[in-house]
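Everything on this sheet refers to the single structure shown next.
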Number of protein chains: 2
Amino acid sequence: MELSERKRRILVAIIEKYIAHGEPVGSKTLCQAFDNKVSSATIRNDMAELAQLGFLEQPHASAGRIPSQQGYRYYVDTLMNKRVLSESEQRAIKSMLSYRSGDPEQLLEEASSVLAQLTKCATIATTLVDEEATISKVELVTLGQTTAILVVVTSKGIIKNRVCRLDYPLTDKLITAFYEVVRSNFIGAAINSVSTVTLQNLVASLGDRALMLSPLIITLAEIVHEISEIDIVLEGQSNLLNIGSAANAQELLEFLSRREMLKRIVNEQKHRLNVVIGQENPHKELKNSSVIIARYKIDGCDAGALGIIGSTRIDYASLIPSIEYLTGLVSSLLSDAIE
Amino acid sequence: MELSERKRRILVAIIEKYIAHGEPVGSKTLCQAFDNKVSSATIRNDMAELAQLGFLEQPHASAGRIPSQQGYRYYVDTLMNKRVLSESEQRAIKSMLSYRSGDPEQLLEEASSVLAQLTKCATIATTLVDEEATISKVELVTLGQTTAILVVVTSKGIIKNRVCRLDYPLTDKLITAFYEVVRSNFIGAAINSVSTVTLQNLVASLGDRALMLSPLIITLAEIVHEISEIDIVLEGQSNLLNIGSAANAQELLEFLSRREMLKRIVNEQKHRLNVVIGQENPHKELKNSSVIIARYKIDGCDAGALGIIGSTRIDYASLIPSIEYLTGLVSSLLSDAIE
DNA sequence: ATTAGCACTCGGACGGTTAGAGTGCTAACT
DNA sequence: AGTTAGCACTCTAACCGTCCGAGTGCTAAT
């Protein structure tokens, strides 16, 4: 069904007024917004129909109307006029990112924090996802008799390492044996193929060498696991308290501290830009919140996500472009860094 | 001035009742707590005097009394009977720490999170402080033509590293030159002696090699700086919302996100156990909060701190022992790991 | 299809009243 | 002198009724 032009304008006006002021919008106010070209009665009729269709709701009988979640949805999909970022705004955002070191995690923390300042919302970012990566290099760097650093490099250029302390000295023989195991079992393997089962089989097959080698191999497996696990970065949690309802806020904060849950939520968002409004989200803790997630890329390949969590009453038209722009920046900075 | 035995018991009863229930305590309730051995009138007289002395205050005229911050202070210093953790409680806490990897930061994150569950407060932990450490080893591990990992080891056994990407190939000559610079300028130096000034002088003195070497040297300096910087770990922030006053909570959460500030606060706490109650804290954002910080040690040397932030109305008598016990655990785990 | 007008509804603010909790004081008691 | 009973007093929270204004829905006129 198509809405008449006037109804659409009324709906937009109600949504934008409500986003701006947070109070139900009445027919008189709208009348003024239309320069009194139409009477309040006409607007009332239209509002009644919009409410019938489910785009608006009434907190109580004698109050104005507020957008329903379906209303926001229609607005975001169809009616909204995305704000265009000015040159100077773009420059401002750019300058807030001071990405120097080559560490992608640091960039994402920064981006997350910039986004929190920009949007006054809580922000989420995932570190690089790299599901198809394989292990391309493993290095064992000895630092002393019993200490070493184990370094793993993936085909996509991600590098992780961990310190490894042993109870016995690292002899040349041991190191050679370790590299042998690595070459035949790990190099070229997909990072998510390293499971505890394969690991147990491997250790079992080592026979009497197992005792000495397994600490190293287990550490190696842990590093690989860490690479395959996405990490979640949160910022601006205090912004959640700007929204009223303290009870809800506590629930939300607690929800956000469950990282596993968050990972799943973020990774369900597959599009370049995802807007999930209120109860569209399967998690009841988010029933009054909107989540906007944009995915960033490295050299055109999906690499992770960045986004905000806020009340359903957020300024979609200006926040979405900010998120998109920032995500673009992150994509290009990462693509430059990892070549 | 000495308080009579009865006044002390009344004060203790009021404080513990108030901590338990959060409501002003009246003379009748106390009367029951004393098995009606003294009349409410007597208690009222004593309460009036305790209020006069500043240990109690009255929210309003017809309400009971609540402890003042000075009251809490006297309680913590003089009156409180610390709860003793039972064997099984100790075991429970121990089993919550699953410290496997050799990474101290991970242990502190875990400890912080355990403490948050235990106390239902927000928790703070600092990672290892190591002010007197010197640089004992630097390794450059090449991973490809233009990529390397730079590893720094301190005299105290702390290990940090960072990936370093260059715009030009890492030749043997370059590497030798780098090690030369490291040997004569960094090895043996105190980690906090590496300032930007000395760095600039160093780069200047390199002459025409500066261009090729400086990215490596700058990365090295950044790693050293990172070691000398303490990191702050926060957990259980959502617990702050249990306390009423949402306005205050927002302020607090924002305050906690200012890491620099937190570092200073935590490091001002020099004793083994520090209890800062409400306005004793110079930061006005904490005027309604108590901060309890315990320091942990490695092999007897001060190494960092661990603690909680909660309302002034917290159960000092049982939380303090928990914090102390956990801090002890962390100390011994760390002392075992770094030998 | 639009509009003016009007009756109606509802929530929030205001004010007065009441019940209850708790105090402070005084006078009596040990 | 310390303790106690008793009483008047104070203050809050809860309840209730009233009133105002905002905003609606409906009807009848344009």
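When rounded to the nearest whole Å, the span between NE2 of His21(A) and P of dA22(D) equals 17 Å. We find that CD of Gln52(A) is positioned 15 Å from C1' of dC26(D), with the value rounded to whole Å. Lys17(B) places its NZ atom 17 Å from the P atom of dA21(C), with the value rounded to the nearest Å. Note: CD (Glu5(A)) to P (dA1(C)) measures 17 Å, nearest angstrom. Between the P atom of dA13(D) and the CD atom of Glu23(B) lies a distance of 11 Å, rounded to the nearest Å. Computed from coordinates, the Lys28(B) NZ to dG24(C) P distance equals 15 Å when rounded to whole Å.
Contacts of His283(A) classified as ring pair (Phe, Tyr, Trp, His ring centres under 6.0 Å), with partners at least two apart in sequence or in another chain: Phe255(A). For Arg313(B), the side-chain contact (heavy atoms from CB on, under 4.5 Å) criterion is met by Tyr18(B), Ile19(B), Tyr72(B), Ser311(B), not counting sequence neighbours. Residues satisfying the ring pair (Phe, Tyr, Trp, His ring centres under 6.0 Å) test with Tyr325(B), not counting sequence neighbours, are none. Residues passing the side-chain contact (heavy atoms from CB on, under 4.5 Å) test with Glu260(B), sequence neighbours excluded: Glu229(B), Lys263(B). With sequence neighbours left out, Ser318(B) forms a side-chain contact (heavy atoms from CB on, under 4.5 Å) with Arg83(B), Asp315(B). Evaluation of the side-chain contact (heavy atoms from CB on, under 4.5 Å) rule for Asn267(B) yields Ile230(B), Arg295(B) as partners, not counting sequence neighbours.
For the 3.5 Å distance criterion, the side chains of Thr312(A) and Ser290(A) fail to qualify, holding no donor opposite an acceptor.
Residues of residues 32-50 of chain A having a heavy atom closer than 4.0 Å to DNA chain D, listed by number: Arg44(A), Met47(A). The stretch residues 57-71 of chain A touches DNA chain D through Gln58(A), Ala61(A), Ser62(A), Ala63(A), Gly64(A), Arg65(A), each having a heavy atom under 4.0 angstrom from the strand.
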Acceptor/donor pairs from residues 35-42 of chain A side chains to any protein atom, 3.5 angstrom cut, sequence neighbours excluded:
residue  : atom : partner  : partner atom : Å
Ser39(A) : OG   : Ala41(A) : N            : 3.3
Ser39(A) : OG   : Thr42(A) : N            : 3.3
Ser39(A) : OG   : Thr42(A) : OG1          : 3.2
Ser40(A) : OG   : Arg44(A) : NH1          : 3.3

